[in-house]
Amino acid sequence: MTLPTRVKIVEVGPRDGLQNEAGTVPTEIKLRLIDMLADAGITTIESTAFVSPRWVPQMADHSDLMQRIVRRPGVAYPALVPNGKGLESALKAGCEEIAIFTAASESFCKKNINCTIDESFERFAPVVETALARGLKVRGYISCVLGCPYEGEIKPATVAEVAQRLHQLGCYEISLGDTIGTGTPLAARKMIEAVARNVPLKHLAAHFHDTYGQALANLYAVMELGIATIDSSVAGLGGCPYAKGASGNVATEDVAYMLAGMGRETGVDLGKLIDAAAFISDFLKRPPTSKVAKAILAKRAG
Ligand code: HMG
Ligand code: MG
């Protein structure tokens with residue numbers, strides 16, 4: 001099996017990471033972080049979520065933030081959108097790419113967006129139609145692809161069915177979320193194999209949280225199948241407010257380091273990425289969870 005030569009990193013720290021902070025991070029800090037990530041060569045930075053501020057107060061500054069991002073050419077700044085109201089706000093704020101999100105688990109879907117999986121598709125159909133008609137790109141997320149905090153095991157066939165529905169709806173890419181990070185490499189591979197029977201591999205992305213320390217191993221396993229888009233979070237920030245105990249996504253520094261070591265292209269400048277990790281970690285007053293960031297920062301400190 002061969003690994004992809006070029007791997008695209010989708011940075012989700014400003015959204016998936018910061019949505020889970022106990023305190024609210026000021027918009028200025030988020031903007032600086034986003035700019036540092038772009039400067040480090042990341043070309044897709046999920047920046048915020050147009051969700052209800054009652055549900056996720058950390059993303060309440062979505063409109064202000066989206067309007068104030070200083071766009072760099074060649075960089076996309078997508079945002080999560082859960083419904084028509086979210087799309088309306090995203091469009092007003094000048095958002096050019098959205099991500100809709102559902103789950104492979106009914107219980108998680110209910111906790112996260114307060115509807116069944118079928119209802120989520122009813123909600124998303126007009127959202128995607130309008131977004132595409134307005135020239136936006138639409139990504140789709142599936143949570144709980146390798147396990148659910150409420151239902152336990154999730155069948156690969158269920159994930160494959162939801163993925164097919166998102167693809168048919170018009171999502172250019174389906175991001176497969178191991179929300180609680182319980183997956184292991186062979187399970188991750190089986191899940192991707194099942195999904196790839198319904199949706200071509202080039203339209204799939206891996207979104208693995210690192211709660212059980214399996215994310216890098218799982219990523220390697222699915223890259224061997226041809227997965228070439230990886231979601232990750234600077235400094236390993238994050239979790240999910242509706243998955244108790246879930247920790248952050250795999251750290252972008254760890255992914256970038258592993259890929260560079262294997263001679264894969266990502267376009268990421270590791271030194272500048274570490275600067276971004278140090279910046280947000282200093283603000284949050286805790287070290288990055290990334291071992292790579294910790295090692296490089298310790299070396300820098302001499
Ligand atoms: P609901 O309560 O069923 O919605 O929530 P509603 O339509 O009844 O509205 C309730 C109130 O929210 C109303 O305000 C609406 O106006 C307002 P009120 O009249 O009570 O003052 N509202 C909104 N406000 C702003 N923007 C909106 C919006 N929609 C309604 N878009 C809803 C349904 C979907 C809104 C809610 O459940 C929600 O916002 N959920 C978001 C949860 C979330 O953000 N979760 C984390 C992101 S997903 C994730 O992390 C997983 C992922 O990383 C992949 C993985 O790792 O698995 C993507
Ligand atoms: Mg996530």
Residues in side chain to side chain contact (heavy atoms under 4.5 Å, CB included) with Ala215, at least two apart?
-> Phe208, Asp210, Val250
Tell me, yes or no, whether the heavy-atom count around Lys190 atom NZ, taken from other residues, nucleotides or ligands under 6.0 Å, exceeds 12.
-> no
Taking the side chain as every heavy atom from C-beta outward, state whether Asp16 and Ser233 have any atom pair closer than 4.5 Å.
-> no
Provide the full list of side-chain hydrogen bond (donor to acceptor under 3.5 Å, both in side chains) pairs with a residue in residues 126-140, sequence neighbours left out, each pair given once.
-> Arg139-Tyr141, Arg139-Glu173, Arg139-Asp231
Pairs satisfying side-chain hydrogen bond (donor to acceptor under 3.5 Å, both in side chains), at least one member in residues 251-269, at least two apart | Arg6-Glu265, Glu11-Thr252, Ser232-Thr252, Asp254-Ser290
Arg300: partners by side-chain hydrogen bond (donor to acceptor under 3.5 Å, both in side chains), with sequence neighbours left out = Asp275
For the hydrophobic clusters of this structure (ILVMFWY residues joined by side-chain heavy atoms under 4.5 Å, transitively), does one cluster hold both Val268 and Leu297?
-> yes
Determine yes or no for a side-chain-to-main-chain donor-acceptor pair under 3.5 angstrom, with Glu122 supplying the side chain and Glu119 the backbone.
-> no
Without swapping roles, check the side chain of Ser52 against the backbone of Arg54 for a donor-acceptor pair under 3.5 Å.
-> yes
Please report the C-alpha distance between Lys155 and Glu161 in whole Å, then the side-chain angles of each, then the deciding distance to 0.1 Å, and finally whether the salt bridge (charged side-chain N to carboxylate O under 4.0 Å, His left out) criterion is met.
-> CA-CA 10 Å; Lys155 289 192 175 67; Glu161 192 205 318; over 6 Å; no
Find out whether Ile142 and Leu166 are in side-chain contact, i.e. whether some heavy atom of one side chain is under 4.5 Å from a heavy atom of the other.
-> yes
Closest contact, heavy atoms only, Pro14 versus Ile34 | CG-CG1, 3.8 Å
Between Ser107 and Glu151, does any side-chain donor sit less than 3.5 Å from a side-chain acceptor?
-> yes
Residue set satisfying side chain to side chain contact (heavy atoms under 4.5 Å, CB included) with Asp35, at least two apart, ordered chain then number -> Arg72
Evaluate the criterion side chain to side chain donor-acceptor pair (under 3.5 Å) for residue pair His207 and Asn249; output intermediate values, then yes/no.
-> CA-CA 7 Å; His207 177 106; Asn249 296 80; 3.2 Å; yes
So do the side chains of Lys30 and Asp61 get within less than 4.5 Å of each other, counting heavy atoms only?
-> yes
For Asp118 and Arg165, what are the C-alpha separation, side-chain angles and deciding distance, and is it a salt bridge (charged side-chain N to carboxylate O under 4.0 Å, His left out)?
-> CA-CA 10 Å; Asp118 278 347; Arg165 292 174 76 179; 2.9 Å; yes
Under the side-chain hydrogen bond (donor to acceptor under 3.5 Å, both in side chains) rule, what pairs show up with a residue in residues 76-97, not counting sequence neighbours?
-> Glu97-Tyr172
Please indicate whether Glu153 has more than 12 foreign heavy atoms, meaning atoms of other residues, nucleotides or ligands, lying under 6.0 Å from its CD.
-> no
May I ask you to decide if the ring planes of Phe121 and Phe124 are parallel, tilted or perpendicular, using 30° and 60° as cut-offs?
-> perpendicular
Given side chains that start at C-beta, do those of Met258 and Val292 come closer than 4.5 Å, heavy atoms only?
-> no
